[in-house]
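Here is the naming used below: chain letters follow the sequence lines, and residue numbers restart at 1 for every chain. Given the structure is predicted, the values throughout are model-derived calculations rather than measurements.
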Amino acid sequence: MEKSLEPVVKELQDKFGVTFEEFRGEVQCAIKAEHIIDALTLVRDTHQFELLSAQTAVDYYPQTSPRFHVVYQLTSLSKNLSVQLRVPVSGDSPKLQTAANVFKSAVWRERELLDMFGIEFEGHPDPRRILMPDDTEGHPLRKDFPLGYEEPQFSFNFDEIDLRKPYAKE
Amino acid sequence: MTQLEEVTIDQYKHLVSERALTGETMLLNMGPQHPSTHGVLRLLLELDGEVVVNCIPDIGFLHTGIEKNMEAKTYQKAEVMTDRLDYMNTMGNNLSYVMTVEKLVDVDVPPRAQALRVILVELQRIASHLVWLGTSGLDLAAMSMFLFCFREREQILDIFELVSGQRMMTTYIRPGGVWRDVPVEFEKAVRDFIKIFPKRIDEYEKLLTKNPLFIDRMVDIGYLSKETALSYGVTGPNLRASGVNWDLRKKRPYLGIRPI
């Protein structure tokens, strides 16, 4: 770990009780869900981590608790440092506080997490699906969502496949 | 697929200003296909005359499920899909994927491969920026700009074809090095390109930089301040244009790049 990153991690450890791991020079800190907004605000204001480079999630199915890890990657441009915060989230109705008040880029990234993983964010200003059409059922990037293999609809089997499609009932 | 429902303004009530609800501004759909050809992107524009007051993008038309597909493949097979993520910057996508795999597996890359990677990635960067410049000129009806930039880009794509057999989706950079060594004509091709390109940039500047039409349509349009850019997570040339001194090649040099 670089010298200038140590006080940051130490302060996170003292205030929020994070545990951290280091792998090939990158530091990952595991933090609890109720502390994440305070941690992001602290890191942005006190330690000048101005950029939220990435906010994604990992699905550890079939492990059910915690099933998801929501990962926040923060970069400090003035000090040239990177740190990663991970929040373990359980599998049934995952909910977190929104980071939209801390970093504006979180608005679209949380929409993507809602769309792809089904993780809901409380207080989000615009909770809509972003990539998939609005009437999609399911969340594609979960590991138990099938990979696809939809049967292509040619003209000779058009009517059969049409019967199977879920159209709106009149 | 459900049947089409009528789109009313209620879905977007929280995103548009109050003037749209009274009808003072107009909500217009700039559909997925439009003459700007910047890929399929649907924009809902709230217009006050000709000024765009609010814009609600609707994305997802280019979403091809690459992430999900890559989860089901081996590391070498998944690399082919990284070419198609940002198809203007194929070598760059390959490079970021390959460097991640090398970091995971802890593999060293020989110096000649590193040098080849740097040359090709920077050429790819120039090609991508030429597309940006050409299509920006085309949007402003400076159509000769488009042809100039694509003429240079043809030369770069010829170099890529020389090296890997493919113009765009090269998959040339592989984990541990590159696919194979370059042929002998590579050096001459790259040196020829480097010799003529600065003069071509002078040509572009002669066409655009002091042009009053260009200045009128570009200056003070879409201003992004430093704090807004950082809060919205902007990186790359856009961040440098907002005044932040951050170039990843200088701050975190990779592949043996020695910043001057």
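At most 12 non-hydrogen atoms from other residues, nucleotides or ligands lie less than 6.0 angstrom from OH of B:Tyr87. By the 6.0 Å contact criterion, OH on B:Tyr75 is open, its count of non-hydrogen atoms from other residues, nucleotides or ligands being 12 or less. Within 6.0 Å of NZ in A:Lys143 there are more than 12 heavy atoms belonging to other residues, nucleotides or ligands. Atom CD of A:Glu21 is surrounded by 12 or fewer heavy atoms from other residues, nucleotides or ligands within 6.0 Å.
Counting heavy-atom pairs closer than 4.5 Å to chain A, the top-ranked of the candidates B:Arg252, B:Lys251, B:Glu67 is B:Arg252.
At a 4.5 Å heavy-atom cutoff, B:Leu248 makes no contact with chain A through either its backbone or its side chain. For A:Glu112, the part sitting under 4.5 Å from any heavy atom of chain B is the side chain, from C-beta outward, and nothing else. In this structure, chain A has a heavy atom under 4.5 Å from the side chain of B:Glu71, while its backbone stays farther away. Heavy-atom distances place the side chain of A:Thr75, and not its backbone, under 4.5 Å from chain B. Of the atoms belonging to A:Ser82, heavy atoms from both backbone and side chain fall under 4.5 Å from chain B. For B:Val234, the part lying under 4.5 angstrom from a heavy atom of chain A is the backbone only. Interface remark: B:Leu104 contributes backbone and side-chain atoms alike to the contact with chain A (heavy atom separation under 4.5 Å). In this structure, the portion of A:Pro125 lying under 4.5 Å from any heavy atom of chain B is its backbone and not its side chain. For A:Phe145, the parts lying near chain B are the backbone and the side chain together; criterion is any non-hydrogen pair under 4.5 Å. With a threshold of 4.5 angstrom between heavy atoms, B:Asn245 does not approach chain A through any atom at all. There is no contact between A:Arg44 and chain B, counting heavy-atom distances below 4.5 Å. Heavy atoms of A:Arg111 lying under 4.5 Å from chain B are absent altogether.
Using a 3.5 Å distance cut-off with no hydrogens or angles, the side chains of B:Arg112 and B:Gln114 do not pair a donor with an acceptor.
The existence of a salt bridge linking A:Arg67 and A:Asp144 is confirmed by a sub-4.0 Å separation between a basic side-chain nitrogen and an acidic carboxylate oxygen. Here A:Asp14 pairs with A:Lys10 in a salt bridge; the nearest charged N to carboxylate O distance falls below 4.0 Å.
In summary, the aromatic rings of A:Tyr60 and A:Phe68 are positioned with their centroids too far apart to meet the 6.0 Å limit.
Residue B:Ile173 comes nearest to B:Val98 through the heavy atom pair O-CG2, 3.4 Å, listed as atom of the first residue, atom of the second, then distance.
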